[in-house]
Amino acid sequence: MDVTTKAVALRASDYRENDKMVLLYSLEYGKISVHARGVRKSTAKLKFACDQFCFGQYELVQNGDRLTLKNCDQLQSFYELREDVARYYAACAVAETLINYTEEWQSDGALFVCVLKSFQQLCAQVQPLCVLLKFLLDFLRLEGFALTFDSCVNCGEKTSEMFLDVERGGVVCRNCRSGGAVALSAAVVSACTMVENLPYEKLKNLSLPQQVLKEALTLCLRYLSHSFRPLNSLAELLNVV
């Protein structure tokens, strides 16, 4: 049976002598593994379909739970993501989020749109840390783990003094914090609130201090590492900017 779907290539690994296994995130099916035959040959016409970040209309052959690449119409290569180290690691963090934290065959159209918009804004020279912060906050909201910055997740109190408490599962007030809670600066709370409430296309209008964005992403990394598992690409990004 033939299957056609719009998808983004997250990663590819060598398989057998001339093949690759490529992991796609697709609009209709979510995360899927695809066998790409012969793409490691120098004359392979579909080599591009396995390039990381390739966005295309993929034609697949399904045999049981196995998918094989048949054809691909590339819609956008997102090649610009490879031309700057910060943009590259930010895009890798988006891809790794899908690889680590989503299940195969679980589609999410809203998340798919967020992925494409984040790649587009990274290519458009918007601050990489800002784009990644927006994506991660959106991802957490869509997955039911939203970070709220206007009130305590435990008691609901609205206060200007907030803490990230991974044990409590979010942002809490002073009275509800546990011993390992980390204080949130007013600048970080303001940045996260602005970024989360803006559409991707408006992020270019923001000019946030790099250090504030790094602090916000460090908190996201702490939260993700506790709630899911470490996001290595984000850790690498924070080391190079």
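Keep in mind the model is a prediction, meaning the values are calculated, not measured.
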Within a radius of less than 6.0 Å around [atom1] of [X], do more than 12 heavy atoms belonging to other residues, nucleotides or ligands occur?
X    : atom1 : result
K204 : NZ    : no
R168 : CZ    : yes
R82  : CZ    : yes
D2   : CG    : yes
K70  : NZ    : no

Smallest separation among heavy atoms of [X] and [Y], with atom names:
X    : Y    : result
G56  : C72  : CA-SG, 4.2 Å
A12  : C50  : CB-O, 3.6 Å
E59  : T4   : CG-OG1, 4.0 Å
L69  : A49  : CD2-CB, 4.0 Å
L137 : C192 : CD1-O, 3.7 Å
K214 : V241 : NZ-O, 3.2 Å

Check: Which pairs count as ring pair (Phe, Tyr, Trp, His ring centres under 6.0 Å) when at least one residue sits in residues 217-241, sequence neighbours excluded?
Finding: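 Ring pair (Phe, Tyr, Trp, His ring centres under 6.0 Å) check on residues 217-241 returns Y101-F228, F145-F228.
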Checklist line | Pairs where residues 44-77 contributes a residue and the test ring pair (Phe, Tyr, Trp, His ring centres under 6.0 Å) is met, not counting sequence neighbours | finding: F53-F119
Checklist line | Step-by-step side chain to side chain donor-acceptor pair (under 3.5 Å) determination, E28 to T5 | finding: CA-CA 6 Å; E28 292 86 356; T5 183; 2.3 Å; yes
Notebook entry, point to check: So which residues get pulled into F163's cluster when ILVMFWY side chains under 4.5 Å apart are joined, directly or through others?
Noted result: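 Grouped by the 4.5 Å side-chain rule, V153, V172 form the rest of the cluster around F163.
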Check: How would you list, by chain and number, every residue that makes a salt bridge (charged side-chain N to carboxylate O under 4.0 Å, His left out) with R37, sequence neighbours excluded?
Finding: none
Scan the side chains in residues 15-24 for donor-acceptor partners under 3.5 Å anywhere in the protein, sequence neighbours excluded, and list what turns up.
from	atom 1	to	atom 2	distance (Å)
D19	OD1	G38	N	2.8
D19	OD2	H35	NE2	2.8
K20	NZ	D14	OD1	2.9

Check: Which side-chain hydrogen bond (donor to acceptor under 3.5 Å, both in side chains) pairs, counting each pair once, include a residue from residues 140-157, with sequence neighbours left out?
Finding: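 For residues 140-157: D138-R141.
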Check: Which residue pairs pass the side-chain hydrogen bond (donor to acceptor under 3.5 Å, both in side chains) test with at least one member in residues 178-192, sequence neighbours excluded?
Finding: D165-S178
Tell me, do [X] and [Y] make a side-chain contact under 4.5 Å, heavy atoms counted?
X    : Y    : value
Y200 : S118 : yes
L111 : T102 : yes
L234 : L136 : yes
T68  : N63  : no
C130 : V195 : yes
E215 : Q211 : yes
L133 : C220 : yes
V131 : L203 : yes

Path from [X] to [Y] over hydrophobic side-chain contacts below 4.5 Å:
X    : Y    : answer
M162 : F149 : yes
V8   : V39  : no
V34  : I99  : no
I32  : V115 : no
L142 : W105 : no

Margin query: Under a 4.0 Å threshold between the charged nitrogen and the carboxylate oxygen, would E104 count as salt-bridged to K31?
Written below: no
For [X], side chain to side chain donor-acceptor pair (under 3.5 Å) partners two or more places apart:
X    : answer
Q125 : none
Q57  : K6
Q74  : none

Next item on the list: Ignoring hydrogens and angles, tell me if any N or O in the side chain of Q52 forms a donor-acceptor pair with the backbone of L10 under 3.5 Å.
Entry: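 Checking the backbone N and O of L10 against the side chain of Q52, a donor-acceptor pair under 3.5 Å is found.
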Margin query: For the backbone of L129 and the side chain of K134, can you confirm whether one donor and one acceptor N or O come within less than 3.5 Å of each other?
Written below: no
Margin query: If I take atom CG from residue L219 and atom CG from residue L217, how far apart are they, to the nearest 0.5 angstrom?
Written below: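 CG of L217 is found 9.0 Å from CG of L219.
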Check: Which value, rounded to the nearest 0.5 Å, describes the distance between L98 atom CG and R11 atom CZ?
Finding: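 L98 CG to R11 CZ: 11.5 Å, rounded to 0.5 Å.
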What donor-acceptor contacts under 3.5 angstrom involve side-chain atoms of residues 83-92, with partners at least two apart or in another chain?
from	atom 1	to	atom 2	distance (Å)
D84	OD2	A86	N	3.1
D84	OD2	R87	N	2.9

Item checked: side-chain contact (heavy atoms from CB on, under 4.5 Å) partners for E96, two or more places apart -> N100, L231, N232, S233
